[in-house]
2 protein chains.
Amino acid sequence: MAQGQNRSEHTHGLLFLTDEQLRKGIEAMFFAYRGFTADPDRILAEKSYGRAHHRALHFIQRSPGTTVNNLLATLGVTKQSLNRVLRTLIEDGLVLNEVGTKDKRQRHLSLTDAGRELEQALSNAQRDRMRSAYRQAGAEAVHGFCTVLEAMMDPELKKHYDQLTGGETV
Amino acid sequence: MAQGQNRSEHTHGLLFLTDEQLRKGIEAMFFAYRGFTADPDRILAEKSYGRAHHRALHFIQRSPGTTVNNLLATLGVTKQSLNRVLRTLIEDGLVLNEVGTKDKRQRHLSLTDAGRELEQALSNAQRDRMRSAYRQAGAEAVHGFCTVLEAMMDPELKKHYDQLTGGETV
DNA sequence: ACAATATGTCAGTGTTGTTGACATTCCAAG
DNA sequence: CTTGGAATGTCAACAACACTGACATATTGT
């Protein structure tokens, strides 16, 4: 609506996408992702954790009581890889690991107070940048941003995303 | 820009920038980035290259004749890290390394025919997914997508992005 | 002549991913 | 009740890719 120039490509609803435009989107993803991770990375470096720890904390916070298998599928890594990270978080008292009541094979993961504190610090840093970007870009742009990102996901990963977010687009 | 009023978001639930919406954007970035890299990764695995090789090929293709220092700044890694990748690409005959004419300290990097071929294969795979996502989302969404991504970049990185893309938004 | 620049290289380290193998515990079906 | 499979944890080895620090070489500019 508020889009000044309607190019002829847009009139038919079918976009004519030049390689140049696509390449630009690719580079935007590359550079933006570095910004996306830069702020939490600084905090993590102080505590000698890495991005993998951040991701685990994030998704445990997002689904408290989740099982290891569920987290594994969400993160898309091997159990050995996740276990290494999870072990340090449990040892450091940031994550709780409780035997399932219904199925005692399962372990339910949740954050301790200390875990919530770190997760909050990381999330706040990341959200600050997102908020600033959203405000610069405007509500409509944000809607488009999420729409394109969702269309880029693998269907398998999109399922996890929809499950977490409830499916509605911002 | 077209953002209307400040709707005092945090007081009511139904607003522009709730933590929930920001968190959703964060997760969208996470899941989308995996999709973004999935297709080239498959090709790279066959040739036993990694993402670092892809990035180098991409930006050399984008700026043929670029210098090592320039590429270093664009990629944002150390010279030791880049050199490891660059050396294998040169040895494998994908990248040319030519002594500068004006300044003989500099090395100008460019792709050989074989390098262009691999870069094309990687780019095509990545562009196919971008194209599909763009088409699903529509022109307006694509515009918003790029706008938000650009607002997320660190200013330092944004300079490189603008230099490569010419500055105009898609 | 000398300092700074651009590049290349060696060695070591850390995070995060992988595969393969194996043990334990527990649920569920025959 | 036994047995197969699922969920989890762990050990070992390995690879990609980032980092730091140190050092070498050629070249440029003052």
Side-chain angles (χ1 to χ4, degrees), chain A residues 30 33-34 37-38 40-60 65-92 95-109 122, chain B residues 30 33-34 37-38 40-60 65-92 95-110:
Chain A
F30 170 70
Y33 200 80
R34 309 204 91 212
T37 56
D41 279 356
R42 272 186 282 273
I43 297 174
L44 290 161
E46 290 171 16
K47 319 239 172 191
S48 52
Y49 287 134
R51 259 178 226 177
H53 300 86
H54 182 190
R55 290 196 283 266
L57 290 173
H58 175 101
F59 286 110
I60 293 172
T66 187
T67 64
V68 173
N69 246 6
N70 189 19
L71 191 54
L72 233 38
T74 303
L75 292 170
V77 297
T78 58
K79 66 175 175 176
Q80 295 90 331
S81 205
L82 175 58
N83 197 259
R84 189 182 334 133
V85 166
L86 227 39
R87 194 169 12 176
T88 72
L89 291 174
I90 292 167
E91 281 170 5
D92 293 356
V95 167
L96 272 183
N97 190 357
E98 293 169 309
V99 174
T101 50
K102 217 183 71 180
D103 186 334
K104 287 177 190 164
R105 288 172 303 182
Q106 295 184 335
R107 300 301 138 91
H108 295 292
L109 303 167
L122 294 167
Chain B
F30 170 69
Y33 200 80
R34 310 205 90 212
T37 56
D41 278 356
R42 273 187 282 273
I43 297 173
L44 291 160
E46 289 170 18
K47 320 240 171 192
S48 52
Y49 287 134
R51 259 179 226 176
H53 300 85
H54 182 191
R55 291 196 283 266
L57 289 173
H58 175 100
F59 286 109
I60 294 171
T66 187
T67 65
V68 173
N69 250 1
N70 189 17
L71 191 54
L72 233 37
T74 304
L75 292 170
V77 296
T78 58
K79 66 173 175 177
Q80 294 92 329
S81 209
L82 175 59
N83 197 259
R84 187 187 335 127
V85 166
L86 226 39
R87 191 168 18 176
T88 73
L89 291 174
I90 292 167
E91 281 171 4
D92 294 355
V95 167
L96 272 183
N97 191 356
E98 293 168 309
V99 174
T101 49
K102 217 183 71 179
D103 186 336
K104 286 178 191 164
R105 290 172 301 181
Q106 295 184 334
R107 300 300 139 89
H108 296 292
L109 303 166
S110 55

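Side chains are part of it too, since the values below use all heavy atoms of this structure and drop only hydrogens, waters and symmetry mates. Protein chains get the first letters and strands the later ones, always in sequence-line order, with residue 1 at the start of each.
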**Complete:** To the nearest angstrom, the CG-P distance between B:N83 and D:dA22 comes to 19 Å
**Fill in**
note: A:Y33, atom OH; D:dA18, atom C1'; distance rounded to Å ~ 15 Å
**Complete:** With sequence neighbours left out, the residues meeting side-chain hydrogen bond (donor to acceptor under 3.5 Å, both in side chains) with A:T67 are none
**Closest contact, heavy atoms only, B:Q106 versus B:H108** = OE1-CE1, 3.9 Å
**Message:** Measuring to OP1 and OP2 of D:dA16, would you say a side-chain N or O of B:H53 lies under 4.0 angstrom away?
**Reply:** no
**Message:** In this structure, how many angstroms lie between the C1' atom of D:dA18 and the CG atom of A:D41, rounded?
**Reply:** 11 Å
**Asked** Who are the side chain to side chain contact (heavy atoms under 4.5 Å, CB included) partners of B:V77, not counting sequence neighbours?
**Response** B:L75, B:S81, B:L82
**Rounded distance in Å - CG (A:L44) to C1' (C:dG14)** = 14 Å
**Item:** For A:E98, side chain to side chain contact (heavy atoms under 4.5 Å, CB included) partners two or more places apart
**Value:** A:L96, A:S110
**Complete:** For B:N83, the side-chain hydrogen bond (donor to acceptor under 3.5 Å, both in side chains) test, sequence neighbours excluded, returns none
**Request:** Please report, rounded to the nearest Å, how far the P atom of C:dT7 is from the CG atom of B:N97.
**Result:** 9 Å
**Prompt:** Which listed nucleotide (C:dA6, D:dC11, C:dC10) is nearest to the side chain of B:R87?
**Reply:** C:dC10
**Request:** Nearest whole angstrom, please: distance from the C1' of C:dT16 to the CZ of A:R55.
**Result:** 8 Å
Under 3.5 Å, side-chain donor or acceptor atoms of residues 40-50 of chain B against the rest of the protein: list the pairs with distances, not counting sequence neighbours.
{"from": "B:D41", "atom 1": "OD1", "to": "B:R51", "atom 2": "NE", "distance (Å)": "3.3"}
{"from": "B:D41", "atom 1": "OD2", "to": "B:R51", "atom 2": "NE", "distance (Å)": "3.2"}
{"from": "B:D41", "atom 1": "OD2", "to": "B:R51", "atom 2": "NH2", "distance (Å)": "2.8"}
{"from": "B:R42", "atom 1": "NH2", "to": "B:D39", "atom 2": "OD1", "distance (Å)": "2.5"}
{"from": "B:Y49", "atom 1": "OH", "to": "B:D92", "atom 2": "OD2", "distance (Å)": "2.3"}

**Asked** Which residue pairs satisfy the salt bridge (charged side-chain N to carboxylate O under 4.0 Å, His left out) criterion with at least one member in residues 71-91 of chain B, sequence neighbours excluded?
**Response** none
**Request:** Under 4.0 Å from any atom of DNA chain D, heavy atoms only: list the residues of residues 66-82 of chain A that qualify, in numerical order.
**Result:** A:T67, A:V68, A:N69, A:K79, A:Q80
**Request:** For the helix from C:dA1-D:dT30 to C:dG30-D:dC1, figure out the bend between the end axes, five pairs an end, and round to 10 degrees.
**Result:** 20°
**Request:** Give the rounded distance in Å between these two atoms: OH of A:Y49 and C1' of D:dA18.
**Result:** 21 Å
**Request:** Quickly work out the A:R84 CZ to C:dT16 C1' distance and round it to whole Å.
**Result:** 6 Å
**Residues in ring pair (Phe, Tyr, Trp, His ring centres under 6.0 Å) contact with A:F30, at least two apart in sequence or another chain** = B:F59
**Request:** Identify the heavy atoms of B:L72 and B:T78 that sit nearest to each other, and give their distance.
**Result:** CD1-O, 3.9 Å
**Message:** Can you build the contact string for nucleotides 25-30 of chain D? Use B for base contact, S for sugar-phosphate-only contact, and - for no protein heavy atom under 4.0 Å.
**Reply:** --BS--
**Residues forming a side-chain hydrogen bond (donor to acceptor under 3.5 Å, both in side chains) with A:H58, sequence neighbours excluded** = B:E27
**salt bridge (charged side-chain N to carboxylate O under 4.0 Å, His left out) partners of A:R105, counting only residues at least two apart** = A:D103
